[in-house]
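Quick notes on the structure that follows.
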Amino acid sequence: MSDTLPKGYEPADVEAKWRERWRNDKTFTPDPDKGGDPYCIVIPPPNVTGALHIGHALNLTLIDTLCRHYRQKGKNVLWIPGTDHAGIATQNVVEKMIAREGLRRQDLGREKFIERVWQWREEYGNRILNQIESLGCSVDWTRLRFTLDEGLSKAVRKVFVQLYKEGLIYRGKYIINWCSRCHTALADDEVEHSDEKGHLWKVRYHIKDSDESIVIATTRPETIPGDTAICVHPEDERYTHLVGKTAIVPVLNREVPIIADKYVDREFGTGALKVTPCHDHNDWALGKTHNLVFLQVIDEDGIMTSEAGKYAGMSKQDCRKAIVADIEAMGDLLGVEDLNHSVGHCYRCHTVVEPHVSRQWFVATTKMAPRARQAIPADISLLPETWLKTYYHWLDNIRDWCISRQIWWGHRIPAWTCAACDHVIVSEEDPTVCPECGSHDLHQDEDVLDTWFSSALWPFSTLGWPEKTADLARWYPTSVLVTGFDILFFWVARMIIMGQHFMGEVPFRTVYLHALVRDAQGKKMSKSTGNVIDPLKMITTYGCDALRFTLTAFAAMGRDIKLSEERIEGYRHFVNKLWNAARFTLMNLGETAPAPVDLTAVKGLNNRWILHRLELLKQDMDKAFDEYRFNDVAQGGYKFLWGEFCDWYLELVKPDMANEEMRAESACVLYTVLKELLILLHPVMPFVTAEIWQALPGHEGEDLATIAWPEERPACIRNDDAARMEFIQSVIVAVRTIKAELDIAPSHRVVLKLHPADAGQEELLLANEGTIRTLARLESMEVGLGVHAPKASASSVVQGCEIIVPLKGNVDLQGELARLAKEMGKLTDALAVVDKKLANESFVSRAKPEIVQRERDRAAELKDNLSKLEVLKQRFTEALESGED
RNA sequence: GGGCGGUUAGCUCAGCUGGUAGAGCGCUGCCCUUACAAGGCAGAUGCCACAAGUUCAAGUCUUGUACCGCCCA
């Protein structure tokens, strides 16, 4: 007996060992010149500031599962790891750090500050990488990338310059979203909206040279100083007579026109709108179409400008209070209502975002969107398909993408202005002289690019573009992009746009959008709510494989995952189960691998059955992988290992191990099934499977990560034998049920008499007598058409075969009567349903013939079982009455 | 306001192209059977949200209603 596996599975040691081996052996570093279809996934680059959270864990687990599976299937797999420099987020972190030294970034100056950020990155930027490794990710560490790497920066510049030359990047003064805390512009989708309680103020504006007035409703009275028009709906009869007249802005006494536009919602507020073109996106648009004056009254720090008259210098909050008080004092405040309205916040720091007019750089995504729209489903399949509409809707309503950020950490915009002649130079190389006037006084744009700009290039920049690398030729376009739906626009759509434009080809063939991980109550996990599940803690406590298995098992397409620690704990039991099944197998195999036998010609019914089931499992899993049904991959493995391999096969094979005739065959089947099961489960639970594998005789020291998916054995699919085995199982279960329901201890050996329905059954039962005796724990077993039940017997019927357990003396005879009644009740109910169907003329004539036949067979079997039970019950009742045995 | 998803066992969820309702956890009872008590065996629990329609047949398809959630405006 060899037992090289310790009694309990210790994840920590095992995981550390395999991580180190995979790293040292460069197991996951592919050679572009090697054969096999290319298969490539780029990691959604986590922020360098990030710590691994459960969302990453899900994402990385799913990707790793795919990579490992397709590696097994012989593809040339490349998974590129890397991190994102995360402009605003990282800058915030370092700013906070230096704040502890009493410094602001301005105190350090740009150069020194950026030095500090790089320093920070050297120190902490690897944290997330180590965490990725601790999840068992089979990434190629030799191809590690960072969005601010030299190579990637080169790609960024090239893209910027080319788009500029093509007129697809431009600079202009527009209204953008401004975070006064981060002191930068934000893209539209970097603004998070949430409903907040606010107020709706109703303010009267007097009409010039008239006694009339018009009442507007506003949620932001502090913008009143910036009003340059009043707008009403052209068909709103309440106001038509006022259109074209002039209104007076309260307090400031500025004269503004009253205009009409269909944009106005007549139902909202008073139906009259004040227009502040510099401080509202919609008003900006109105200002453009109606040629209004643009007055900026709030500055970049949220302070009222000189245009705000007496409010100049106030914070916008103070201004709101002051102006409301002033208007009220004048008697022009006609009401205040509570109102829930949507307020935009910075997605990084949650400060309320201010619409703000400034000079920014834009990518003309409006021009590029139509091609990206067409890519799905033509060139890319999007899963789950439900996201298709959302994707279209976004692209159809896209605005140009504001890509400049007024921060320091990131790719600095490669644009220079000549101080002498104002000429703008956009160039890949830093220019030294103005081509227009020859001046050397050139100033580079202070801004950096939106982090997502470099992310958009990720699928080809990581493969070496703009160089023509072997990797790029081999692996672009990548195979699949796996990510959360929350960055469909931030990232996925933009990668498609950039891939199409620069590579002439979409960046990936499939996009799989996975769910969000929520807490047990379905709430979003967040640090502030305190409901986060820390994947690293879960790995320490339950082992990485348990965490991975849980995430995979819950990853049903298109549905959020509600996760709780208990579920992970539950699946740890599964890891343990596998471990113990392997220990059992190893104990029984001995030192050397069993001699091979022809698996398509095994004799044992148990062996035929498990090989049959294994074959079906392989097919199911293969298909589930291809269709991204991760939950089915996990559940399929779970059910096979626990419900079939452990619960039945290991028990069925135990007697064979002591049986000269069967030992060779069964040892080989046992060994084979375990081995192939390990391969099948390896993508989901790499560590425990790898550890068991290297302990298998004949595979000592091997790395399961390099072992191929098992070959198919169609000849092992034997439906007839499977049905036979299932019949034997039903007989065993019937005996166990009788024992359990009559309170007979499972270990109490009983006599079993079997009256088979036909000669075939008789033969089958006799051939499997050993199995039945062991698993049903019998004292003796008798089979034959001549077998009859002693009157005092517990009984049951399985597929027409009478199962008889003679009862002796002290058992609960009334209990058996109740049991029989219950069982017969079930059968009667079932029969009634089937009979009703069969009595239905249109069912018989219209349903598919095989369905009708199946119902007929079922009815016949039910009737047969029922009548047999009836007879047995009759005898039993007589026994009860006569007191006979 | 527009879009999407959900409603199935006490809880969390599977149920593909319509054809006898499933799993895990929990619960009840009996068991330390030499891989595993992180275990074994057996058991109970479902008008599959509601209403109508299509069909021989609906958890599954269609429409509507209610409630919950998410995204966008």
Side-chain angles (χ1 to χ4, degrees), chain A residues 1 3 5 7-9 188-189 192-193 265 267-268 281-282 342 384-390 392-394 397 485-486 488-489 515-516 518 520-524 542 546 550 553-554 556-564 566-567 569-588 623-624 627 629 631-632 634-635 638-639 642-643 646-647 650-651 654 732-749 774-777 819 822 829-831 833-834 836-838 840-848 850-852 854-855 858 862:
Chain A
M1 290 272 171
D3 184 354
L5 296 178
K7 180 145 191 204
Y9 174 58
D188 292 336
D189 51 14
E192 284 176 353
H193 295 269
D265 176 1
E267 308 297 318
F268 185 82
H281 288 97
N282 296 314
S342 158
E385 284 172 356
T386 47
W387 288 101
L388 207 60
K389 273 193 181 174
T390 315
Y392 290 153
H393 183 260
W394 187 74
N397 294 284
F485 58 77
D486 49 330
L488 178 61
F489 309 134
L516 227 56
R518 299 171 183 281
Q521 277 70 47
K523 284 202 216 92
K524 217 168 174 170
Y542 303 109
T550 309
F554 280 104
M557 215 187 274
R559 210 163 156 152
D560 283 349
I561 298 176
K562 285 187 202 165
L563 191 69
S564 68
E566 291 80 64
R567 296 195 220 297
E569 189 180 0
Y571 281 114
R572 178 185 54 168
H573 300 174
F574 178 67
V575 177
N576 197 249
K577 191 76 177 173
L578 174 62
W579 183 258
N580 281 301
R583 283 182 57 229
F584 169 82
T585 305
L586 288 174
M587 280 178 191
N588 280 284
K623 200 153 171 263
E627 293 168 4
R629 287 181 286 113
N631 56 327
D632 287 336
Q635 310 272 359
Y638 188 100
K639 282 182 187 157
W642 206 310
C646 290
D647 285 352
L650 294 186
E651 298 304 323
K654 276 176 187 175
I732 292 163
V733 168
V735 177
R736 286 172 177 169
T737 305
I738 287 172
K739 284 192 189 181
E741 295 194 339
L742 294 182
D743 275 339
I744 300 169
S747 54
H748 184 261
R749 295 190 172 273
T774 313
L775 298 200
R777 305 194 135 226
R819 210 185 63 74
K822 195 185 77 183
D829 291 349
L831 185 59
V833 172
V834 180
K836 196 178 157 196
K837 256 192 194 177
L838 288 169
N840 183 345
E841 174 52 33
S842 39
F843 170 72
V844 179
S845 57
R846 297 206 192 186
K848 281 178 252 166
E850 63 265 30
I851 299 290
V852 177
R854 206 171 68 196
E855 293 300 313
R858 211 170 111 70
L862 284 169

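All figures in this text were calculated on a predicted structure; none of them were measured in a lab. Lettering follows sequence order; numbering is per chain, from 1.
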Next on the checklist: Whether A:Arg736 contacts B:A42 is assessed here as follows: a side-chain N or O lying under 4.0 Å from the phosphate OP1 or OP2. Is that the case?
Outcome noted: yes

Next on the checklist: Measuring only the C1' atom in each nucleotide, how far is B:U54 from B:U63? A whole number of Å is fine.
Outcome noted: 11 Å

Item to check | Whole-angstrom distance between B:G64 and B:C47, as gauged at atom P | outcome: 27 Å

Checklist entry - Which whole-number value in Å describes the distance from A:Phe584 CZ to B:A35 P? => result 6 Å

Checklist entry - Distance between the C1' atoms of B:U34 and B:G46, in whole angstroms? => result 41 Å

Item to check | Closest to the A:Met587 side chain, choosing from B:A35, B:C30, B:G24 | outcome: B:A35

Checklist outcome for this item: Atom NZ of A:Lys654 and atom C1' of B:G40 are separated, to the nearest Å, by 10 Å

Checklist entry - Under the 3.5 angstrom rule, does the side chain of A:Lys837 hit a backbone N or O of A:Phe843 as a donor-acceptor pair? => result no

Item to check | Complementary nucleotide for B:A38 - Watson-Crick or wobble, under 3.5 Å | outcome: none

Checklist entry - Which nucleotide, B:A35, B:G43, B:U12, lies nearest any side-chain atom of A:Leu650? => result B:A35

Item to check | d(NZ, A:Lys739; C1', B:A42) in whole Å | outcome: 12 Å

Next on the checklist: Does B:A35 have OP1 or OP2 under 4.0 Å away from a side-chain N or O of A:Trp642?
Outcome noted: no

Checklist outcome for this item: Of B:U12, B:C36, B:A44, the nucleotide closest to the side chain of A:Lys822 is B:A44

Checklist outcome for this item: Atom CG of A:Asn576 and atom P of B:A35 are separated, to the nearest Å, by 15 Å

Checklist outcome for this item: Quick note, A:Pro746 side chain, CB onward, closest among B:G40, B:C36, B:A42 is B:G40

Next on the checklist: Tell me the interatomic distance from A:Arg572, atom CZ, to B:G24, atom C1', rounded to whole angstroms.
Outcome noted: 16 Å

Next on the checklist: Taking any heavy-atom pair under 4.0 Å as a contact, classify A:Glu651: base, sugar-phosphate, or nothing.
Outcome noted: base

Checklist entry - Looking only at side-chain N and O atoms, does A:Arg854 come under 4.0 Å of OP1 or OP2 in B:G19? => result no

Next on the checklist: Give me the distance, rounded to whole Å, that separates B:A35 from B:A58 when you measure between the P atoms they each carry.
Outcome noted: 50 Å

Next on the checklist: Using the C1' atom as the point on both nucleotides, what is the distance between B:A23 and B:A9, in whole Å?
Outcome noted: 11 Å

Checklist entry - Over how many whole Å does the gap from A:Glu627 atom CD to B:U17 atom C1' extend? => result 12 Å

Checklist entry - When you check the phosphate oxygens OP1 and OP2 of B:G39, does a side-chain N or O of A:His573 lie under 4.0 Å from one of them? => result yes

Checklist entry - Given the P atoms of B:A21 and B:U60, what is the spacing between them in whole Å? => result 14 Å

Next on the checklist: Using the ring centroid of each side chain, check whether A:Tyr571 and A:Tyr542 are separated by less than 6.0 Å.
Outcome noted: no

Item to check | Euclidean distance for C1', B:C32 against B:C41 (whole angstrom) | outcome: 14 Å

Item to check | Under 3.5 Å: donor-acceptor pair, side chain of A:Asn840, backbone of A:Lys836 | outcome: no

Item to check | Spacing of A:Phe485 atom CZ relative to B:G6 atom C1', expressed in whole Å | outcome: 13 Å

Checklist entry - Which one is paired to B:C48, where only Watson-Crick or G-U wobble pairs with both distances under 3.5 angstrom count? => result none

Next on the checklist: Distance criterion of 3.5 Å, no angle test: do you see the side chain of A:Arg858 paired donor-to-acceptor with the base of B:U20?
Outcome noted: yes

Item to check | Candidates B:U33, B:C36, B:G43 - which lies nearest the side chain of A:Glu741 | outcome: B:G43

Next on the checklist: Set out, in order, the CA-CA distance, both residues' side-chain angles and the distance that settles side-chain contact (heavy atoms from CB on, under 4.5 Å) for A:Arg777 and A:Arg736, then state yes or no.
Outcome noted: CA-CA 9 Å; A:Arg777 305 194 135 226; A:Arg736 286 172 177 169; over 6 Å; no

Checklist outcome for this item: When rounded to whole Å, the CZ to C1' distance for the pair A:Arg777 and B:C30 reads 13 Å

Next on the checklist: Distance check, P atoms only: B:A66 and B:G59, in whole angstrom units.
Outcome noted: 23 Å

Next on the checklist: On the nucleotide B:U20, are OP1 or OP2 found under 4.0 Å from the side-chain N or O atoms that A:Lys836 carries?
Outcome noted: no

Next on the checklist: Which nucleotide, if any, forms a Watson-Crick or G-U wobble pair with B:U54, using both distances under 3.5 Å?
Outcome noted: none

Checklist entry - Can you tell me the Watson-Crick or wobble partner of B:G5, both distances under 3.5 angstrom? => result B:C68

Next on the checklist: Has A:Lys739 got a side-chain atom pairing as donor or acceptor with A:Pro746's backbone, closer than 3.5 angstrom?
Outcome noted: yes

Next on the checklist: What's A:Val575 touching, base or sugar-phosphate or nothing? Going by heavy atoms closer than 4.0 Å.
Outcome noted: nothing

Next on the checklist: Using modelled atom types and a 3.5 Å cut-off, is there a donor and acceptor pairing between side-chain atoms of A:Asn576 and backbone atoms of A:Arg572?
Outcome noted: no

Checklist entry - Counting only side-chain N and O atoms of A:Lys848, is one of them less than 4.0 Å from OP1 or OP2 of B:A57? => result no

Checklist outcome for this item: Heavy-atom nearest nucleotide on RNA chain B taken for A:Ile851 and for A:Asp632; more 5' hit belongs to A:Asp632

Next on the checklist: Counting the atoms with a prime plus P, OP1 and OP2 as sugar-phosphate, which does A:Thr390 contact under 4.0 Å by heavy atoms, base, sugar-phosphate, or nothing?
Outcome noted: nothing

Next on the checklist: I need the minimum non-hydrogen distance between A:Leu838 and A:Val852, along with the two atoms involved.
Outcome noted: CD2-O, 4.3 Å

Next on the checklist: Less than 4.0 angstrom from a charged side-chain N to a carboxylate O is my criterion; do A:Lys848 and A:Glu850 meet it?
Outcome noted: no

Next on the checklist: Tell me whether the side-chain N/O atoms of A:Lys837 come closer than 4.0 Å to OP1 or OP2 in B:A57.
Outcome noted: no

Checklist entry - In terms of the nearest nucleotide of RNA chain B, which residue is placed more toward the 5' end: A:Tyr571 or A:Asn840? => result A:Tyr571

Checklist entry - For the side chain of A:His393, counting heavy atoms from C-beta on, which of B:C72, B:A35, B:C31 is nearest? => result B:C72

Checklist entry - What is the pairing partner of B:G24, taking Watson-Crick or G-U wobble pairs with both distances under 3.5 Å in any strand? => result B:C11

